[in-house]
Number of protein chains: 2
Amino acid sequence: MNQGFGNGRELRPTTKVLPEHARGHNRSLVMQTLYREGQLSRADIARETGLTRVTISDLVADLIGENLVIEIGQREDVRPGKPATLLDLNRDAFQIIGVDLSEYATFRGAVLDLDGKILGRAELPLAGSTGEDAQAKVIALVETLIEKATRPILGIGVGSPGVVDLAGVVLTAPNLGWTNRSLQRDLAVRFSIPVVVINDANAAALAEHSFGGATSDMMLVKVGHGVGSGLLLAGIPLFGSRFAAGEIGHVVVGTDGGLTCVCGKVGCLETWLATPRLDAALANASTSEQKEQILWAAGERLGIALAPVVGALDLSEIVLSGPTQLLDGTLARATIETIRARTMPEFHGNLVLRMTTLGEDIVLRGAAVMVLSGQLGVS
Amino acid sequence: MNQGFGNGRELRPTTKVLPEHARGHNRSLVMQTLYREGQLSRADIARETGLTRVTISDLVADLIGENLVIEIGQREDVRPGKPATLLDLNRDAFQIIGVDLSEYATFRGAVLDLDGKILGRAELPLAGSTGEDAQAKVIALVETLIEKATRPILGIGVGSPGVVDLAGVVLTAPNLGWTNRSLQRDLAVRFSIPVVVINDANAAALAEHSFGGATSDMMLVKVGHGVGSGLLLAGIPLFGSRFAAGEIGHVVVGTDGGLTCVCGKVGCLETWLATPRLDAALANASTSEQKEQILWAAGERLGIALAPVVGALDLSEIVLSGPTQLLDGTLARATIETIRARTMPEFHGNLVLRMTTLGEDIVLRGAAVMVLSGQLGVS
DNA sequence: GTTTGTTAGTAAAGCTTACGAACAAACTAT
DNA sequence: ATAGTTTGTTCGTAAGCTTTACTAACAAAC
């Protein structure tokens, strides 16, 4: 008699569920299955999902009617029985626009296909714009991208720095001078296309999960002009009580002082790790030994800050995103060694720490994942 | 076209959903509504849930048939229209057995009603038992409790120390000498009643949420012979990648050394905070000023460990459970002040830190919540 | 070439679930 | 008395999935 959907971990039913919702869920389940496994027959999908062949045929008929799924011929194997008609998502029928607002001086965007592959790019220098001006640049960038698209657009995904609520309102984004800016709604009105706006680090975490092979209990640490993070717990992005989950840049780390931060506190994680600080420190170092020490210290600080988080959340993976020449190497090594030294090996001995495999496109692609999951229930 | 149930935050549909599952969900929704708001008419429930009166009548008929809901007479107000027939959960029809295995020397249990009120108690000294012997004592305790029950038993909930998986297998519980012990299954077989086994700190977090008025993004820190914690994020308990979420006792805290822990590391949270250590330190202190210093230092360490967690998770509340005379006062004050000093006031300025209001029964009652939620979808 | 058995996909019928329309019962207000 | 309001039920309908039974299309064995 266990109730609730999803993974059964949610304790309280919150809203009614009608048969049509169940239908939508099963519909997404079909697309999800096709998205992940590629070419399958109706019978394959039935076996995979547990639904009957009849129901799958019915759902697939709907999806074919909407041009979301196509038949791609018969399976060519030697086997008794009627040959299977292979299906796939109509991966070439729609395109997605992804936008990354998290870089310090540039807005970047891309046109992606349903597999998250980047088909075209555009960027726009921010040139110090803030407030309404900055939003106008987002709109201009999207317009450029829409022109580059060669298929109908499934939706627009935007990864924004700062604190973003579930409705895509940017509550605060200091660098852009935004407060309570309803970017998602504004863009949706402007372009009449579904829009999703999400925090940049959360987008990155989703991208790493969907495209980078990350596990379901993962933290993505994004190092740049500031330091932020995105969390995926049991496969679900964490937003936090005030949508500020992942904001670890201004957590004080260690009990031995440090530099004064722009926020006024002493020894914030950013004072050790943010790229301007790190670059400055490295520029002042004369020997390569000193440079190594600086990188080690930075990684150690990150490890000190993350150890309690790893312990509390039982993470299985930490992924770093940011300048490879700074992060990948001594710094990453110091981080994982510090975490190992400060947590229980029984639980966290096989914690993995690695660089992202998605490079600079991580936020773009995460924004695309949000569109996919929002519009198709697929990711 | 957004898919998925629950809060819409899960991204991937994982299993099929049939109409009967939707029915079960709505059924739980009705019970949930009655559980929280008490006496309501069918029409009230319909308004509350968004389902129609017809559907509610149908669901309620089922629930009355199962003796889970009863009619308790007509509403006595002066109003136009046909008088409403009030309903309520049949709170007196079933009882729950809750068991707390987390105390160092004693297994405690209770018979509870559906509101979580304790109707009777029993306990059994552990007397150093481990392994199979310890499990035999759990069974003996449950037998005693079943005899005390005066109504059919809805289920048995057990809060166990250690690492417990989703199937109620105690993967490791050092104090009890348990590894991979399938306690939930064993008890279910022995008593032929639904059983739920869950980690003690997770149970405590659930209890605090259901009965203690805690918010939905909360950490419960349980201080006793060891130090553990339970996390509720967006109202969902966090289990972690290896079911070890919340295990913060052996996270090293600070960068200035400390005492050596039984685990071999130096400066684990437990070396500052576990009650044996604290009591010993306090016994060695001569002046009350020294004692205050010790308590302050302990609280400060807890704050140092929690600050990154608060930042990463954007928690709104931290609840302490354990010996009031140690925790409530200087220690708690030091903790919250330390967290405040080490995180961003914009986000965490209104973080609340408080003692539990549920006292020593917190685990028992949390175990009961698991039974309620598992059997009725209510909590 | 025929028979046997398997697999894919469809069609029809039936069950469950929720809904809307309509209504009776029971009450208040005028 | 009459009109209006609210509750809860009955009846018929639409949606969604299942079961059952079918056709189509093939391989293997004779």
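- Here the P atom of nucleotide D:dT23 and the CZ atom of A:Arg42 are 20 Å apart, to the nearest Å.
- With sequence neighbours excluded, the residues forming a salt bridge (Lys or Arg N to Asp or Glu O under 4.0 Å) with A:Arg91 are A:Asp88, A:Asp115, listed by chain and number.
- A close approach under 4.0 Å does not occur between any side-chain nitrogen or oxygen of A:Arg75 and OP1 or OP2 of D:dC26.
- Atom CG in A:Leu40 sits about 14 Å away from atom C1' in C:dA8, given to the nearest Å.
- Shortest non-hydrogen contact noted between B:Leu112 and B:Leu119 is C-CD1, 4.0 Å.
- Note on B:Thr85: every side-chain N or O is 4.0 Å or more away from OP1 and OP2 of D:dT7.
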Any chance you could lay out the salt bridge (Lys or Arg N to Asp or Glu O under 4.0 Å) test for A:Arg27 and A:Asp58, step after step, and finish with the verdict? CA-CA 10 Å; A:Arg27 193 185 130 98; A:Asp58 196 44; over 6 Å; no
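- To the nearest 0.5 Å, atom CD1 of residue B:Ile236 and atom CD1 of residue A:Ile236 are 5.0 Å apart.
- Summarising the base pairing, D:dC30 is matched to C:dG1 through a Watson-Crick or G-U wobble pair whose two defining distances lie under 3.5 Å.
- Of the possible donor and acceptor atoms, one in the side chain of B:Asp314 sits under 3.5 Å from a partner among the backbone N and O of A:Ser241.
- Taking for each of B:Pro83 and A:Arg47 the nucleotide of DNA chain C with the nearest heavy atom, the 5'-most of the two is the partner of A:Arg47.
- Residues A:Asn67 and A:Phe94 come closest through the heavy atom pair O-CE1, 3.8 Å.
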Quick one, give me the B/S/- string for nucleotides 16-25 of chain C, reading 5' to 3', where B means a protein heavy atom under 4.0 Å from the base and S means that only happens at the primed atoms, P, OP1 or OP2. -SSBBB---B
Distances under 3.5 Å between protein N/O atoms and the N/O atoms of nucleotides 1-3 of chain C, please, pair by pair.
none

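- B:Gln74 places its CD atom 7 Å from the P atom of C:dC27, with the value rounded to the nearest Å.
- In this structure, the CD1 atom of A:Ile45 is 18 Å from the P atom of C:dT7, given to the nearest Å.
- For the side chain to side chain contact (heavy atoms under 4.5 Å, CB included) test with B:Val69, the passing option among B:Leu34, B:Asp62, B:Asn90 is B:Leu34; the others fail.
- Taking 4.0 angstrom as the limit, A:Ser57 places a side-chain polar atom (N or O) nearer than this to OP1 or OP2 of C:dT10.
- Counted within 6.0 Å of CZ on A:Arg185, heavy atoms from surrounding residues, nucleotides or ligands total 12 or fewer; the atom is thus considered open.
- Ionic pairing of B:Glu71 and B:Arg42 is present here: one or more N-O contacts between side-chain nitrogen and carboxylate oxygen are shorter than 4.0 angstrom.
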